[in-house]
Each structure stands twice: as C-alpha cells, then as structure tokens.
Amino acid sequence: MKKILITLLLITSAAGFAFAAEVSTEAKLQYNQGVDYYKLGRYEAAMSAFKQAIAIDPNYTDAYYNLGSILEYMKQDDAALTVFKQIIVRNPSDYESVFKAANLSFKLGKTDAAKKYLTIIPPSSLVYSKAQQLANAMNTDMQTLRAQDQAAKKAATIIPQTNGVYSNLGSPTGITSDVNGNLYIAAFADNAIYKISPSGEKKLYVKDSRINGPIGLAMDSQGNLYVANYNADNVLKITSAGTISALISNVKKPYCLYVKGSLLFISSQGTDSVLRYKL
C-alpha cells in the first residue's frame, strides 16, 4: 500500500509500513526517518530524508510522493510539480500523481499542461471524479479533453507527402519516430540526436558525453529512445524526460535496433549476432 502524505495526513496500513521487495534497506531506513520527522512537524528534515531515500533508490515512488506532497503543502508548487513528474515518468499509470501534476499545473497557470495530464486519467480511476471537477474549473470536461487529445494525436501523425531535404545533420545514421510523428535522427559525427517535427522544424534533441558514435535508433510506446552507441559498445536509454542511462553494456559494435512490444532487438556487428533484451 502506498504511504502518502495528503494535506499532512499520513495514511498507513494496519500492519505498518509495507515496502516493495526491491527497495533497498538503506532507502527504507531513510524513508522511515522521513516519516518520523514528519510526525514531529520537522518538514524540512522530512524532505531531506525522502530525498536521501530517492538518491539511494531513484525509482522509490512512495518517497517521491511524500516529498511532493510536503512541497505542495508548503506552497512550493513548482518544486512539487517537478517531483510528481518524476513519478509519472516511472509509472504513467499512477493516476494520483497524474492528477497532482494536473492540479499543480493549473495552479501555476499552465492550463495546457494541466489539460494534457487530465487526458491520461481513465474513467475507471479513483481520481476521475476529481479530474472531472478540475476540468470543469477550466471550463471544459474530461470527455471533451480526451476527444481533443485524440484528434490532435491523429493530426500530428499525418506527415505531408512532399519531397524535401533535412540538411546539416553531421553524418546521419539511424532514424526512428514517436507516436506524434516527430522524427529522431542519429548524427554519428556530431555524437548527437536531432528531432524534426512533422512541420519540418529541426532542433538538437540531445547531445551528451555518453553518446559516442550513435547509429541505430528505436522508440518504445512510452516515448523512451534507445541508441546503438557504436563506438562505446553499449546501448543507451533516453527517457522522455531526458534522463540518459546505459541500458546494456558490453555490446560489441551495436548497429541496428528494433522494438517489438516489451522486447528490444540489437544487431551486434562485433559478434555477428542479434541480441534480444526484455525491457
């Protein structure tokens, strides 16, 4: 059961704190310390402890939620929104956090972002009624928002069938696209990834010291970009939030990538083989 702080009310199970098995002992200790500080009204210390838990385990979503809830209570809305975004990146189906992000975006005057978050929340969610109320506060409703979002996605995927040239890309190699019709191009010589919108607008998507000889690219359904890092003998993962990590190390000369459902396939020129990796 998620242990969350909502308007400074701590919710726990009758059996006490229940943590996911994969959370490390050190992260649990910091988390419990944060809860103890919270009970004493020491909110700054509580936030520090939750941050320590997150530093130990970057996927500890309960710690993110408690940290975000305290920040929201202390009216640090920008910081709270950033925290809830981190939860959504890790678990898009955490609709409590999605609603929090929508509500905070609305409070910060980011109405378009608030509407976008609301479209993620399905009617079956426990927070759907609150989402409907928030939509009403923006002079719309959930049904209209979802219909508009679907129409926008459909329109974005229609790429004009005209000839053209995208230039100045520094030895372009791999190409992939996302659900919105944006094109991603690996630039081998630039050690960078470029993004081109359906309208043809080109911009630098990511350039980082960890990118070294990018060739193959692939995109999954969550918007994560995978890069065959030819000169570094690894495969990088770049999340939609821009977080870069080495997903697979010691892949000899990775070349082409292909995503099928929850599987990533990598051709390895250095070993004359194709690797299969479960995402």
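Just so it is clear, the values below take in all heavy atoms, side chains as well, and ignore hydrogens, waters and symmetry mates.
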Review point. If you look at every heavy atom in Gly174 and Leu217, which pair is closest and at what distance?
Key: O-CD1, 3.6 Å

**Study point:** Donor + acceptor pair across side chains of Gln150, Arg146 (<3.5 Å)
**Key:** no

Revision key, fill the gap. Closest non-hydrogen atoms of Ser267 and Cys256, given as atom of the first, atom of the second and distance, are OG-N, 2.8 Å

Practice item. Write down the atom of Asn168, the atom of Lys202, and the distance for their closest heavy-atom approach. Key: O-NZ, 3.2 Å

Point to revise | Result of checking Asp36, Asp57, Asn66 against Tyr31 for side-chain hydrogen bond (donor to acceptor under 3.5 Å, both in side chains) | key: Asn66

Point to revise | Test item: side-chain donor near acceptor, Asn234 and Asn229, under 3.5 Å | key: yes

Review point. Between Asp233 and Pro254, which heavy-atom pair has the shortest distance, and what is it?
Key: CA-CD, 3.9 Å

Point to revise | Exercise: identify the closest heavy-atom pair between Lys253 and Gly270 | key: CB-N, 3.6 Å

Exercise for review: Please check if the side chain of Ser97 supplies one atom and the backbone of Phe84 the other of a donor-acceptor pair under 3.5 Å.
Suggested key: no

Check your understanding: Hey, does Lys115 have a side-chain heavy atom less than 4.5 Å from the side chain of Gln148?
Key -> no

Review point. Is it the case that Lys237 places NZ or CZ above or below the six-membered ring of Tyr226, under 6.0 angstrom from the centre and within 45 degrees of the axis?
Key: no

Review point. Is it true that a side-chain atom of Asp77 and a backbone atom of Leu108 form a donor plus acceptor pair closer than 3.5 Å?
Key: no

Exercise for review: Could you tell me the separation between the CD1 atom of Ile185 and the CD1 atom of Ile196, rounded to the nearest 0.5 Å?
Suggested key: 3.5 Å

**Study point:** Closest contact, heavy atoms only, Phe50 versus Val35
**Key:** CZ-N, 3.8 Å

Review point. Would you say the side chain of Tyr95 lies within less than 4.5 Å of the side chain of Leu126, judging by non-hydrogen atoms?
Key: no

Study note, to complete from the structure: From the list Asn182, Leu225, Leu183, side chain to side chain contact (heavy atoms under 4.5 Å, CB included) partner of Thr176 resolves to Leu225

